[in-house]
There are 2 protein chains.
Amino acid sequence: MVSSKKSPTIYDVARLSGVSISTISRVLNMPDKVNPETHKRVMDAIDKLGYVPRADARARALQNTDRIGVLTPFFTAPSFVQRLRGVASALSKANYELVIYPVDSMDHLQGYLSSIPLMRNIDGLIIMSLALGDQDAQRLITNGMETVMIEYSHPQLNSILINDTHGGQLVAEHLIKKGHKTFAFLGDIEPPERFAIHPVKSRLTGFKQSLQEAGFSLSKTYIRSVPYTPAETRQAAHELMSLPKPPTAIFAASDTQALSIMKVARQLGVKVPDDLAIVGFDDIDVAEHVDLTTVRQHLDESGRLAAEILLSRIGESERPLQHINLPLKLVERVTT
Amino acid sequence: MVSSKKSPTIYDVARLSGVSISTISRVLNMPDKVNPETHKRVMDAIDKLGYVPRADARARALQNTDRIGVLTPFFTAPSFVQRLRGVASALSKANYELVIYPVDSMDHLQGYLSSIPLMRNIDGLIIMSLALGDQDAQRLITNGMETVMIEYSHPQLNSILINDTHGGQLVAEHLIKKGHKTFAFLGDIEPPERFAIHPVKSRLTGFKQSLQEAGFSLSKTYIRSVPYTPAETRQAAHELMSLPKPPTAIFAASDTQALSIMKVARQLGVKVPDDLAIVGFDDIDVAEHVDLTTVRQHLDESGRLAAEILLSRIGESERPLQHINLPLKLVERVTT
DNA sequence: GTCGTTTATGAAAGTGCTTTCAGTTTAGCA
DNA sequence: TGCTAAACTGAAAGCACTTTCATAAACGAC
């Protein structure tokens with residue numbers, strides 16, 4: 001690789017156009033403050049040299065980076081991807097770059113949290129579905145790192161939440177209306193401690209609660225706590241369907257797990273929705289493809305909102321904190 | 001937000017520990033070159049102040065950014081996500097940050113290409129599924145921007161490719177072996193010009209060719225060029241299945257489109273695979289969930305490889321160019 | 001023709017680190 | 001005790017910009 005020609009700097013342009021570097025800078029940043037003739041001379045030089053200001057130098061002087069970071073576990077899981085899509089769409093409009101910090105262990109997270117605010121790598125931070133210790137939150141705050149959290153909240157940081165309990169209730173109501181009597185729940189109720197957020201638990205709570213209010217019970221046998229891995233999910237689904245009195249409806253706490261359940265049903269020859277109704281949660285893209293009834297939590301929107309809040313606070317840091325609650329909606333398709 | 005306390009700089013640490021800033025730098029970067037006592041004094045000061053070197057300042061001095069960029073269209077489509085996953089996994093091991101540049105228009109792409117190499121924002125670039133003009137390629141090269149391309153190649157840049165034609169052949173062979181006689185093809189043969197890469201066309205070519213060699217024909221009626229949108233894909237699928245003599249096997253050039261076809265089959269009561277076989281391409285995660293027969297192109301691996309090549313060249317820039325060809329494999333599941 | 005303004009420009013400081021170079025200290029050894 | 005080499009350390013330059021401040025020129029009004 002012939003990296004020969006070093007790209008021209010502001011000094012080269014200054015020399016060629018016979019003015020000082022400050023004038024170049026002015027031409028670029030406050031064009032109206034400079035004599036039209038000089039302006040032209042400078043622009044000519046810039047064109048001739050193919051000069052482009054270096055972002056990093058600019059960033060140092062400006063004390064901003066035009067870059068925002070997203071801290072996320074499994075950024076590759078469909079629901080996270082859809083949130084990222086929302087973030088990206090908001091950012092690209094504003095000409096911000098998107099940096100992704102994939103979190104796959106607690107150490108990782110701690111590492112990021114302790115260095116990010118001080119490194120000054122980014123202008124703002126979005127934290128997705130990750131719990132934050134009080135100390136970490138404080139560090140973000142005292143270092144003036146603008147932050148928006150999704151699926152977790154802290155009194156001094158912006159947050160975007162959904163009401164998981166209500167989501168569970170929606171599902172229960174829907175299934176009851178459909179005439180079901182035997183229900184089951186499947187989801188990762190106690191995720192690895194490192195993430196420490198428990199949306200699934202709340203979904204279960206709401207589900208169970210509405211069921212009980214309507215006079216139905218949801219005994220332990222019909223509640224399966226399973227990690228997100230397809231194999232284990234399928235195993236659990238299989239067990240549920242093999243019960244002496246199998247459920248006629250299963251609520252999966254995530255769409256991906258619902259997919260696994262559908263697969264098992266197919267293998268076992270269990271007819272969906274006739275023999276078994278299945279409801280998911282999230283409404284990821286594929287849910288529509290496979291006609292899965294699910295609870296829509298508007299993932300894209302949550303990401304877009306997070307980014308918008310961030311940008312508005314970066315621009316004008318004294319805006320009040322925002323704690324937003326996004327609505328949920330049950331989308332009925334053909335699995336119920 | 002109380003951004004009061006500015007984070008401490010190397011100067012603060014120097015003052016507190018009574019040495020010069022160069023020594024602080026040395027303690028951090030070449031610890032063995034410094035007296036153990038001094039080392040300890042400095043570390044104490046660092047701890048007391050909670051000092052963390054600012055990444056941007058460091059980057060300026062070091063002339064590197066520890067950051068690599070990925071230029072990708074629709075980074076949100078499953079296949080791109082899986083490649084990104086590969087990239088991310090390789091990067092996080094090496095402690096590099098991942099910056100995503102979503103390309104949604106030709107202008108966008110041009111903008112990135114003209115500024116990225118000169119801005120010096122990143123140490124390396126991965127370009128996914130995007131065609132590069134010769135001039136753009138030259139700019140990358142002359143500016144010494146290390147680059148790896150996926151799904152497109154340029155003689156002077158690293159590239160990772162698959163043999164799409166061969167992929168089409170694999171599908172044809174498989175379907176023929178299964179005893180099919182009437183075939184159809186569905187895919188985005190002529191994607192919007194801005195992306196200018198034509199993997200789908202090659203898949204069709206290979207498919208058609210193997211079919212013909214085996215004595216079967218694939219007439220225009222059975223070839224549908226359709227953009228990726230679910231609605232249009234479904235429409236086309238519907239048309240195919242409504243033909244006087246409907247195909248008994250459809251090859252969709254992407255898994256997502258195969259999903260749409262499956263949905264239509266379901267709606268129409270067409271039994272898969274008995275009445276209709278469906279084969280996809282890519283082997284994205286959901287393919288396994290829905291038991292879709294498809295051609296695996298090891299998306300994760302392509303991303304990981306791209307990142308690894310990049311990192312190795314960044315470390316040692318005189319390594320030879322690499323043009324890698326990734327193998328394809330037909331994965332038989334239950335839709336055929 | 002002088003004084004007060006406005007406008008255009010350059011010099012220089014600031015940004016926070018790395019690294020080279022030269023100087024100082026220390027240790028080892030005769 | 002004196003000398004040399006090795007180990008350590010600090011000053012300063014460099015990185016490529018922005019921005020403040022001061023100066024110079026041009027202009028108009030009296």
Side-chain angles (χ1 to χ4, degrees), chain A residues 3 5-43 45-46 49-67 115 117-121 123 143-144, chain B residues 3 5-43 45-46 49-67 115 117-121 123 143-144:
Chain A
S3 109
K5 278 175 200 158
K6 298 176 58 79
S7 38
T9 75
I10 201 172
Y11 292 94
D12 300 319
V13 180
R15 204 174 317 117
L16 181 58
S17 54
V19 299
S20 78
I21 59 163
S22 353
T23 301
I24 314 296
S25 177
R26 256 178 306 238
V27 167
L28 261 20
N29 301 305
M30 355 158 59
D32 38 334
K33 292 264 173 228
V34 60
N35 187 316
E37 274 178 43
T38 319
H39 185 278
K40 185 179 180 332
R41 258 217 327 292
V42 171
M43 286 312 286
I46 287 180
L49 264 51
Y51 166 77
V52 174
R54 292 232 190 135
D56 59 339
R58 199 150 190 286
R60 305 209 65 276
L62 245 32
Q63 310 257 65
N64 78 346
T65 62
D66 282 5
R67 199 180 297 134
S115 62
L118 300 118
M119 296 267 244
R120 286 280 132 78
N121 251 356
D123 294 342
N143 286 289
Chain B
S3 112
K5 277 175 201 159
K6 299 177 56 82
S7 39
T9 75
I10 201 172
Y11 292 93
D12 300 320
V13 180
R15 205 173 317 119
L16 181 58
S17 55
V19 299
S20 77
I21 59 162
S22 358
T23 302
I24 313 297
S25 176
R26 256 176 307 239
V27 168
L28 262 19
N29 302 304
M30 357 159 57
D32 38 335
K33 292 264 175 227
V34 61
N35 187 315
E37 273 178 45
T38 317
H39 185 277
K40 183 178 180 332
R41 250 207 347 282
V42 171
M43 287 310 286
I46 287 181
L49 266 49
Y51 165 79
V52 174
R54 291 235 190 134
D56 59 339
R58 199 154 189 284
R60 307 212 65 274
L62 243 34
Q63 310 255 68
N64 77 347
T65 62
D66 282 4
R67 197 179 300 134
S115 61
L118 300 118
M119 295 268 246
R120 286 280 131 79
N121 251 354
D123 293 341
N143 286 288

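So that the names make sense, note that chain A is the first sequence line, chain B the second, and so on, each numbered from 1. Note that this is a predicted model, so its numbers are computed, not measured. These numbers come from the heavy atoms of this one structure, side chains and all, not from hydrogens, waters or symmetry mates.
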Earlier contact from the 5' end, DNA chain C, for Asp32(A) and Met30(B): Asp32(A)
[X] side chain near [N] phosphate (N/O to OP1/OP2, under 4.0 Å):
X        : N       : value
Arg26(A) : dA8(C)  : no
Arg58(B) : dT18(C) : yes
Thr23(B) : dG10(D) : yes
Thr9(B)  : dG16(C) : no
Asn29(B) : dT18(C) : yes

Atom pair distance, as rounded to whole Å: [atom1] in [X] and [atom2] in [N]:
X         : N       : atom1 : atom2 : answer
Arg41(A)  : dA8(C)  : CZ    : C1'   : 12 Å
Leu118(A) : dG16(C) : CG    : P     : 13 Å
Ile46(A)  : dC17(D) : CD1   : P     : 10 Å

Heavy-atom check, side chain of Asn143(B) versus side chain of Leu118(B), under 4.5 Å: yes
Side-chain heavy atoms of Val27(A) within contact of Ile24(A), under 4.5 Å: no
What are the atom names and distances for every N/O pair under 3.5 Å that joins the protein to nucleotides 12-15 of chain D?
unit_1: dC15(D); atom_1: N1; unit_2: Arg60(B); atom_2: NH1; d: 3.4
unit_1: dC15(D); atom_1: O2; unit_2: Arg60(B); atom_2: NH1; d: 3.0

